[in-house]
Amino acid sequence: MSVFRIQGGQRLSGSVAVQGAKNSVLPILAATVLARGECVLRNCPPLTDVEYTLDILRHMGCGVKREGGTVWVDASVPTDCVIPDELMREMRSSVIFLGPVLGRMGRAELTYPGGCELGPRPIDLHLAALRTLGAEIEERNGRLICQGELTGGSITLSLASVGATENAMLAAVAAKGTTTITNAAREPEIVELQEFLRTLGADVRGAGSSVIVIEGGKPLHGGEHTIRPDRIVAATYLSAVACAGGEGELLGVDWRQLSTVTAALVEAGCQVESGSDSIHIAVQEPLGAVRPLRTAPYPGFPTDAQAVVMAALCKAQGATVFVENMFESRYRHVDEISRMGADIRVEGRVAVVCGVPRLFGARVQATDLRGGAALVVAGLGAEGETVVSGTRHIRRGYGDLAGDLRALGAKIWLEEEIVI
Ligand code: UD1
């Protein structure tokens with residue numbers, strides 16, 4: 001069993017380049033299914049979720065090669081439209097394959113993704129969008145069987161879901177005619193997906209706004225793309241410096257995508273300076289509490305940054321209120337951070353963090369990706385040794401968390417621990 005071992009309570013100092021974004025690379029890899037030529041993706045982060053996605057592509061009969069951060073996918077002749085249960089279980093976001101596989105092959109089969117560590121994660125909006133484009137979808141013994149020749153249509157999402165927007169875009173690119181997606185999610189990852197689809201020759205407009213228009217049905221060719229830096233990983237490293245104190249520079253990040261996170265950290269007393277593709281943070285004084293932080297779709301405060309920013313504010317003087325509006329079970333890190341001396345009370349979707357003067361190192365268990373990263377952030381600001389188990393959750397989204405934090409001056413190692 002591997003653990004992160006942290007010697008906390010030391011100020012940080014250093015700089016680190018931020019990895020490519022998990023939430024960009026996954027839909028872009030799914031999009032390669034639509035291309036009748038080779039796609040080359042650079043700056044792919046070394047994540048287990050990326051490996052599972054490549055396994056799905058291999059299973060479908062695509063040629064897949066990976067060398068360092070570069071991945072080649074050749075979907076000239078996909079042969080299998082069935083995604084096996086074991087790959088679906090490894091990664092719930094594999095539902096993103098539904099749209100492109102159906103669009104390319106006229107049929108897609110996968111297991112119904114059930115609940116996950118963030119609470120129930122329905123896919124009703126994904127299915128409704130595909131039905132609007134003419135898909136016939138049947139559920140048989142927990143399997144989803146989707147078929148039909150897709151044609152353009154008018155999709156209105158009742159909620160601006162990131163995954164449903166991406167699935168709808170990927171299906172619409174293959175559907176003949178015009179598709180309009182109204183109330184589309186506006187996350188930067190959607191804009192990046194549009195950019196990649198255009199590289200393949202697709203006609204997609206409007207990503208980044210709430211209406212996306214797609215002229216679909218043209219065969220797509222191969223193309224190249226470099227995955228953009230991960231704004232949530234950047235938020236994690238900013239939170240790490242905020243919690244431990246000191247200073248740090250993040251390279252290759254777009255500060256505009258992080259403005260709600262940096263605004264909160266500045267309000268807490270951090271000094272943040274943004275360059276054209278870098279952010280510098282310095283923390284000299286103890287932090288103070290901030291006004292309520294409410295998670296919301298982009299450009300609001302990201303739900304994925306809630307846990308790490310909460311960890312950073314555990315020692316801030318005063319009380320900070322968090323309101324989690326996106327997912328039901330997103331406070332699972334709270335009990336574990338409390339073992340380190342934090343004072344956090346949760347009621348429903350609200351968490352109140354009352355700042356304590358010190359956190360103490362402890363053995364804690366990660367139960368989800370961002371909550372696990374929050375335990376590491378808290379460990380950096382805690383006195384003594386913290387050991388974080390459940391690292392497999394964290395490694396779904398951070399390619400080399402320990403290495404990156406060491407570059408920022410932290411004492412943290414990923415170790416194998418022998419359980420007797
Ligand atoms: C994506 C991100 C995830 C992030 C989330 C919200 C990826 C791979 N994951 O997840 O890191 O936390 O956006 O920013 O990009 N919903 C429905 N029905 C649906 C789909 C969603 O009710 O069919 C609800 C969800 O339960 C949730 C809300 O919509 O309450 C937002 O979810 P969504 O935007 O779809 O998140 P994901 O795409 O799963």
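In each ligand, atom 1 is the first atom listed, and ligand 1 is the first ligand listed.
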Asker: Taking distance alone, with no angle check, do Val162 and ligand 1 share an N/O pair under 3.5 Å?
Answerer: yes
Asker: For Cys270, what residues pass the side-chain contact (heavy atoms from CB on, under 4.5 Å) criterion, not counting sequence neighbours?
Answerer: Ala242, Leu265, Val272, Ile281, Val283, Leu287
Asker: Answer side chain, backbone, both or neither: which part of Thr303 comes under 4.0 Å from ligand 1, heavy atoms only.
Answerer: side chain
Asker: If the test is salt bridge (Lys or Arg N to Asp or Glu O under 4.0 Å), which one of Arg228, Lys22, Arg231 qualifies with Glu189?
Answerer: Arg231
Asker: Quick one: side chain to side chain donor-acceptor pair (under 3.5 Å) partners of Thr236, sequence neighbours excluded?
Answerer: Tyr398
Asker: Return yes when Met326 approaches ligand 1 closer than 4.0 angstrom through a heavy atom, no otherwise.
Answerer: yes
Asker: Hey, is ligand 1 close enough to Lys22 that some N/O pair sits below 3.5 Å?
Answerer: no
Asker: May I ask you to check whether Ser161 has an N/O atom sitting below 3.5 Å from an N/O atom of ligand 1?
Answerer: yes
Asker: Select the closest option to atom 29 (O) of ligand 1 among Leu159, Leu369, Ile190, judged by heavy-atom distance.
Answerer: Leu159
Asker: Could you work out, for atom 26 (O) of ligand 1, the closest of Gly300, Pro122, Ala128, Pro302 by heavy-atom distance?
Answerer: Pro122
Asker: What atoms of ligand 1 come within less than 4.0 Å of a heavy atom belonging to Gly163?
Answerer: 35 (O), 38 (O)
Asker: Are the side chains of Met340 and Val364 in contact, using a 4.5 Å heavy-atom criterion?
Answerer: yes
Asker: Would you call Arg330 a ligand 1 contact, heavy-atom distance under 4.0 Å?
Answerer: yes
Asker: Does a donor on one side chain and an acceptor on the other come within less than 3.5 Å for Asn325 and Arg294?
Answerer: no
Asker: Does the N or O separation between Ala164 and ligand 1 drop below 3.5 Å for any pair?
Answerer: no
Asker: Checking the N or O distance criterion of under 3.5 Å, is ligand 1 in contact with Asp304?
Answerer: yes
Asker: When only distance counts, is Ala160 in polar contact with ligand 1, meaning an N/O pair under 3.5 Å?
Answerer: no
Asker: Any side-chain donor-acceptor pair under 3.5 Å between Thr111 and Asp85?
Answerer: yes
Asker: Answer yes if the side chains of Ser2 and Glu417 hold a donor-acceptor pair under 3.5 Å, and no otherwise.
Answerer: no
Asker: For Glu138, does the CD atom have more than 12 heavy-atom neighbours from other residues, nucleotides or ligands under 6.0 Å away?
Answerer: yes
Asker: Look at atom 18 (N) of ligand 1 and find which of Leu127, Asp124, Ile96 reaches it with the closest heavy atom.
Answerer: Asp124
Asker: Please work out which of Asn23, Thr295, Ile232 has its closest non-hydrogen atom nearest to atom 2 (C) of ligand 1.
Answerer: Asn23
Asker: Without swapping roles, check the side chain of Gln19 against the backbone of Gly397 for a donor-acceptor pair under 3.5 Å.
Answerer: yes
Asker: Would you say Ala185 touches ligand 1, if touching means a heavy atom closer than 4.0 Å?
Answerer: no
Asker: Between Glu189 and ligand 1, which residue portion shows a heavy-atom distance shorter than 4.0 Å: side chain, backbone, both, or neither?
Answerer: neither
Asker: Using distance alone, determine whether Phe327 and ligand 1 share an N or O pair under 3.5 Å.
Answerer: no
Asker: Looking only at distances, please establish whether an N/O atom of ligand 1 is found under 3.5 Å from an N/O atom of Ser93.
Answerer: no
Asker: Does Gln365 form a side-chain hydrogen bond (donor to acceptor under 3.5 Å, both in side chains) with Glu336? I'd like the steps, not just the answer.
Answerer: CA-CA 7 Å; Gln365 164 94 39; Glu336 295 298 298; over 6 Å; no
Asker: Any chance the side chains of Asp368 and His393 put a donor and an acceptor closer than 3.5 Å?
Answerer: no
